[in-house]
Amino acid sequence: MAVYVLVACCAIGVVAIAARFVKGADDTDPGGPTTGHAGAMISALFLLAFAIAIVVPWTTADAARLNTYAESQAVAEAYWAAAELPAPVAAQTQTALRDYVHLVRGPEWRLMAADGKLSSDGWTRLEGLRREVTALPARTDDAKDVRTTVLEHLKEISSARRQRAMDAATTPPGGLLVITVLTGIGVLLLPFLAGSRPRGLTLVPLALMAGLLAAGTYLTVDVSHVFDGALAVEPDAFTSLLAELQRINGAL
């Protein structure tokens, strides 16, 4: 952050030097070329920062939403495969998978929304499942195949979970939000800084612009977290998965 501040100060210094030594006609008109040029550039910078601050979280949220369905599908496949394990491990594994889904769509989802991280309990449950399945004796080729299949699906769940952990912790760079806010303020206050004093009906479009700028700037903050805010990814995939697991129990 210090580097950005230093660069900005250097640029301001260049302007001060140019204003002192470059010869030309004085520009004191609020609607003159200096104000016009500065206004256009500040507006362009605001639009660029605003677009990035919206598009990046939107793309991240879409990818995170797809990943939740990939994780839920891996759980369903593991649930199917676990039915072929020897008793009583088959029922225990399926129960553990259902409990994992309840954990994810409940306490863990609230934790992701509040703190941007996953629960340690979820990792512990998956690791325990993998150890239990790995420790199962397999005396026939069919038993080995079943064990391998379940372990592969558990591996897929863990991989999708790691991606979800990355998504939960992902936010746009703080500097981007700062630039969006500062350039928005710059666009709003530029007429006053240039010496204009809007009065009467001219305040109406300015006030409308101010309201829209404030709403848009707040939107960039509101969508910055994947599992919270306007673009929050909901646990729909895991809610649907619970119903699917019930259907699988009926089909077995």
Side-chain angles (χ1 to χ4, degrees), residues 57 59-171 225-228 231-252:
T59 304
T60 303
D62 282 343
R65 187 174 292 105
L66 291 175
N67 183 66
T68 62
Y69 282 94
E71 183 178 357
S72 67
Q73 184 60 36
V75 173
E77 295 298 332
Y79 197 87
W80 272 108
E84 302 297 325
L85 293 172
V89 178
Q92 293 172 353
T93 302
Q94 289 180 323
T95 299
L97 288 170
R98 283 198 303 273
D99 291 343
Y100 172 77
V101 175
H102 282 291
L103 171 70
V104 170
R105 68 182 293 272
E108 186 166 88
W109 215 269
R110 291 191 291 271
L111 182 63
M112 289 191 299
D115 298 333
K117 62 182 181 180
L118 275 59
S119 66
S120 58
D121 190 21
W123 293 113
T124 301
R125 295 187 185 204
L126 278 183
E127 291 165 1
L129 265 177
R130 294 181 74 171
R131 283 195 298 268
E132 291 174 6
V133 175
T134 301
L136 282 176
R139 298 183 177 84
T140 65
D141 290 341
D142 288 343
K144 291 179 181 178
D145 290 341
V146 171
R147 184 179 64 183
T148 300
T149 300
V150 174
L151 287 174
E152 284 297 322
H153 291 312
L154 291 176
K155 182 179 178 181
E156 292 171 2
I157 297 172
S158 296
S159 178
R161 181 179 174 81
R162 281 191 292 272
Q163 181 60 52
R164 182 158 53 86
M166 293 176 59
D167 294 334
T170 298
T171 57
H225 197 290
V226 173
F227 295 99
D228 187 33
L231 291 179
V233 177
E234 301 294 340
D236 298 336
F238 294 93
T239 301
S240 301
L241 176 61
L242 287 175
E244 184 177 353
L245 297 184
Q246 292 180 350
R247 291 195 299 270
I248 293 174
N249 282 335
L252 294 176

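Keep in mind that the numbers below use all heavy atoms, side chains included, and drop hydrogens, waters and symmetry copies.
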Asks: Determine the minimum heavy-atom distance between Ser72 and Leu241, stating which atoms define it.
Replies: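 So the minimum-distance heavy-atom pair works out to O-CD1, 3.5 Å.
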Asks: Look up atom OG in Ser119 and atom CZ in Arg110, then write down how far apart they are to the nearest 0.5 Å.
Replies: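 Here the interatomic distance stands at 11.0 Å.
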Asks: Evaluate the side-chain proximity of Val150 to Leu154: yes if any heavy-atom separation is below 4.5 Å, no if none is.
Replies: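 Contact flag for Leu154/Val150 side chains = yes.
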Asks: What's the shortest heavy-atom distance between Ala113 and Asp228, and which atoms?
Replies: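 So the two residues come closest at O-CB, 3.6 Å.
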Asks: Considering residues at least two apart in sequence or located in another chain, which fulfil the side-chain contact (heavy atoms from CB on, under 4.5 Å) criterion with Ala232?
Replies: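 By the side-chain contact (heavy atoms from CB on, under 4.5 Å) rule, Ala232 matches Glu234.
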Asks: Is the side chain of Thr148 donor-acceptor paired with the backbone N or O of Lys144 at a distance under 3.5 Å, no angle test?
Replies: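 Here the side-chain-to-backbone pair exists.
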Asks: With rounding to the nearest 0.5 Å, note down the distance linking CZ in Arg105 to CG in Leu242.
Replies: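 Between atom CZ of Arg105 and atom CG of Leu242 there are 5.5 Å.
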Asks: To check you understand the geometry: which heavy-atom pair defines the closest contact between Ala64 and Phe227, and what is its length?
Replies: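 The pair with the smallest heavy-atom distance is CB-CZ, 4.4 Å.
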Asks: Any side-chain heavy atom of Tyr79 sitting closer than 4.5 Å to one from His153?
Replies: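 Answer no - side chains too far apart.
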Asks: About how many Å separate CD of Gln73 and CD1 of Ile157, when rounded to the nearest 0.5 Å?
Replies: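 Spacing of CD1 (Ile157) from CD (Gln73) equals 10.5 Å.
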Asks: Once rounded to the nearest 0.5 Å, what's the spacing between atom CD of Glu84 and atom CZ of Arg147?
Replies: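 Between Glu84 CD and Arg147 CZ, I get 15.5 Å after rounding to 0.5 Å.
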Asks: Taking atom types as modelled, find out whether Thr68 and Arg65 have a side-chain donor-acceptor pair closer than 3.5 angstrom.
Replies: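 No, no side-chain donor-acceptor pair sits under 3.5 Å.
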Asks: Strictly distance-based, threshold 3.5 Å: is any side-chain N or O of Ser159 a donor or acceptor partner for the main-chain N or O of Glu156?
Replies: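 No, Ser159 side chain to Glu156 backbone: no donor-acceptor pair under 3.5 Å.
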Asks: Which heavy-atom pair separates Thr170 from Val226 by the least distance, and what is that distance?
Replies: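 That would be O-CG2, 4.2 Å.
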Asks: Might you point out which heavy atoms bring His225 and Gly116 nearest each other, and give the distance in Å?
Replies: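 Smallest heavy-atom distance, with atoms named: NE2-CA, 3.5 Å.
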Asks: Looking only at non-hydrogen atoms, find the nearest pair between Leu245 and Ala76 and report the distance.
Replies: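 Closest heavy-atom pair between Leu245 and Ala76: CD2-CA, 4.4 Å.
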Asks: Say whether, by atom type as modelled, one donor and one acceptor occur between the side chain of Trp109 and the main chain of Val233 under 3.5 angstrom.
Replies: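 Judged by distance alone, yes, a pair lies under 3.5 Å.
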Asks: With a 4.0 Å cut-off on N to O distance, would you call Asp167 and Arg164 a salt bridge?
Replies: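 So Asp167 does not pair with Arg164 through a salt bridge.
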Asks: Step by step, work out the side chain to side chain contact (heavy atoms under 4.5 Å, CB included) result for Arg161 and Val104.
Replies: CA-CA 10 Å; Arg161 181 179 174 81; Val104 170; 4.2 Å; yes
Asks: Mind checking the OH-CZ spacing from Tyr69 to Phe238? Nearest 0.5 Å is all I need.
Replies: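 Those atoms lie 10.0 Å apart.
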Asks: Any chance you could measure Trp80, atom CH2, to Glu244, atom CD, to the nearest 0.5 Å?
Replies: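 Going from CH2 on Trp80 over to CD on Glu244, the span is 9.0 Å.
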Asks: Any side-chain to backbone donor/acceptor pair from Glu108 onto Leu118? Under 3.5 Å, distance only.
Replies: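 Not at all, since once roles are kept as given, no pair shorter than 3.5 Å links the two residues.
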Asks: Donor-acceptor pairs are to be reported for all side-chain atoms of residues 129-143 against protein atoms at under 3.5 Å, with residues two or more places apart or in another chain.
Replies:
| from | atom 1 | to | atom 2 | distance (Å) |
| --- | --- | --- | --- | --- |
| Thr134 | OG1 | Arg130 | O | 2.6 |
| Thr140 | OG1 | Ala143 | N | 3.2 |

